[in-house]
Amino acid sequence: MPADTATTVTADAAPASGRIRRFLDSDIGWSFRTTPAAWISALVLTLLIVTAFLAPLIAAQNPYDLSQIFIDKAEIPPIWQEGGEWPFLLGTDPQGRDVLSAILYGSRISLIIGFAAVLVSMLIGVGVGLLAGFHGGRIDNLLMRLGDTVLSIPTLLMAILVSAVFRGLLPPELRDPFAAMVLVLAISLTNWVQYARVVRALTMVERRKEYVLAARIIHVPAARIMLRHILPNTLTPVLVSATLNLGLAILSEATLSFLGVGMPITQPSLGTLIRIGNQYLFSGSWWLVVFPSLQLGLIVLSVNLLGDWLRDALNPKLR
């Protein structure tokens, strides 16, 4: 390796290691290192995410590829039971799909929908909260009454209603390809209100401070004040809420899919796998519902534990 290249690599690696060291030495890093629930949940969640997104490389088969599914391998029990076969470690379903492969691919769908739903609802809520808190008056009343209307309807019922409306507007041949997008919209339109309320309250406090008043005096555009000055001061509670709501979004997707208004059988998420497995629970094929349920529980539990730690770490009053 040439000397200049080695020097560049060393120079790039030094700041990265320095940032990691500063994080570990900070209050949040110290809290993370000394809280077993935090680093264990982070490790488990990272493992689940990595295996889900590397599913095409580590799964025994692609459950969406009909050429890799064999009907004669239907309902094979897990490998440790009599009748189990390699490489079907967790058995197969009535269509001959490897349960472990289906779980890995289904986890990827559930995680993508969960992350996308949290991101969209956060963007909507932050935008609404900034507008309501900064302008106040009629705009504030209108936006907050809209939020109260959304909250007055049960979340699951609202998600089912939104999902049914969007699916009804799509032609039948487009419902399955756009099922994930419909789920993201359905979950996002029911979860944005809490972000809006948090950001609105913080914005109403920040807009009275001197730096905002000074910016308004020199005629800085309102959009620039909100985005460059007020928004950064509201991100901490928003990120905590987003982490805590990720588990809720994944559970909402699983519930909608379990009820049959979510992902189709041809592209099963964890909720779809649980719905399919529930039909065979009393026929002896217990692994069809137990293993997807355990995977879903691990993901949600890890996210919730990580969110609880982050809330406590960023709020000294809760330490």
Side-chain angles (χ1 to χ4, degrees), residues 23 26-29 31-32 113-156 158-159 161-162 184-252 303-304 306-319:
F23 169 76
S26 64
D27 289 342
I28 297 179
S31 175
F32 182 80
I113 293 176
F115 277 108
V118 168
L119 179 61
V120 173
S121 60
M122 184 171 63
L123 291 176
I124 296 173
V126 169
V128 171
L130 283 174
L131 289 175
F134 187 80
H135 293 288
R138 294 181 179 178
I139 295 178
D140 182 23
N141 289 330
L142 176 63
L143 294 176
M144 288 301 101
R145 297 300 77 78
L146 176 61
D148 293 339
T149 303
V150 173
L151 289 179
S152 66
I153 305 175
T155 302
L156 183 59
M158 183 70 175
L161 176 63
V162 173
V184 171
L185 291 175
I187 298 172
S188 302
L189 293 178
T190 59
N191 291 333
W192 61 268
V193 182
Q194 55 185 315
Y195 297 104
R197 287 187 164 184
V198 170
V199 174
R200 171 183 175 268
L202 294 173
T203 301
M204 293 179 69
V205 174
E206 294 294 325
R207 75 175 184 178
R208 297 185 178 93
K209 293 186 176 180
E210 294 181 354
Y211 72 95
V212 175
L213 296 177
R216 300 183 73 170
I217 289 174
I218 63 176
H219 303 292
V220 176
R224 184 176 180 181
I225 295 176
M226 287 187 287
L227 295 178
R228 296 194 61 180
H229 299 288
I230 297 180
L231 179 60
N233 294 317
T234 65
L235 287 182
T236 297
V238 168
L239 292 177
V240 173
S241 298
T243 304
L244 292 171
N245 287 332
L246 177 58
L248 180 61
I250 294 174
L251 273 181
S252 299
V303 171
N304 288 342
L306 201 58
D308 289 339
W309 163 78
L310 187 61
R311 179 193 59 193
D312 296 344
L314 294 178
N315 189 349
K317 296 180 180 179
L318 297 178
R319 293 180 185 176

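Counting from 1, the numbers follow the sequence of the chain as shown. These values consider heavy atoms only, across backbone and side chains, with no hydrogens, waters or symmetry-generated copies.
The closest side-chain heavy-atom distance from M226 to H135 is below 4.5 Å. Inter-residue side-chain proximity for N233 and L202 is flagged as unmet; no heavy-atom pair is nearer than 4.5 Å. Contact annotation: the side chain of E206 approaches that of Y211 to within less than 4.5 Å [non-hydrogen atoms, C-beta and beyond]. Taking 4.5 Å as the limit, some side-chain heavy atom of V238 sits within range of a side-chain heavy atom of Y195. Using a 4.5 Å heavy-atom threshold, the side chains of T234 and V198 count as separate. Side-chain contact between N245 and Q194: present, with at least one pair of heavy atoms (C-beta onward) separated by less than 4.5 Å.
Residue G247 comes nearest to V303 through the heavy atom pair N-CG1, 3.5 Å, listed as atom of the first residue, atom of the second, then distance. Residue A249 comes nearest to G114 through the heavy atom pair CB-O, 4.0 Å, listed as atom of the first residue, atom of the second, then distance. Closest non-hydrogen pair, V128 versus A196, comes out as CG1-CB, 4.0 Å. Residues D140 and R200 approach most closely at OD1-NE, 2.7 Å, considering heavy atoms. The minimum heavy-atom distance between A159 and A186, with the atom names listed, is O-CB, 3.6 Å. Scanning both residues, S188 and A117, for their nearest heavy atoms gives OG-O, 3.2 Å.
Here the CG-CG distance, from L146 to L151, works out to 10.0 Å after rounding to the nearest 0.5 Å. Separation of atoms CD1 (I187) and CG (L156) is listed at 10.5 Å; rounding is to 0.5 Å. Taking CG of L227 as the reference point, atom CG of L130 lies at 7.0 Å (rounded to 0.5 Å). Note: F134 CZ to H229 NE2 = 10.0 Å, rounded to the nearest 0.5 Å. Note that CD1 of I139 is 8.5 Å distant from CG of L142, once rounded to the nearest 0.5 Å. With rounding to the nearest 0.5 angstrom, the CZ atom of R207 is 8.5 Å from the CD1 atom of I230.
The residue from L246, V240, L248 that alone fulfils the side chain to side chain contact (heavy atoms under 4.5 Å, CB included) condition with L244 is V240. Of the candidates R138, R145, M144, R145 is the only one forming a side chain to side chain contact (heavy atoms under 4.5 Å, CB included) with N141.
Checked by atom type and distance alone, the side chain of W192 pairs as donor or acceptor with a backbone atom of L189 at under 3.5 Å.
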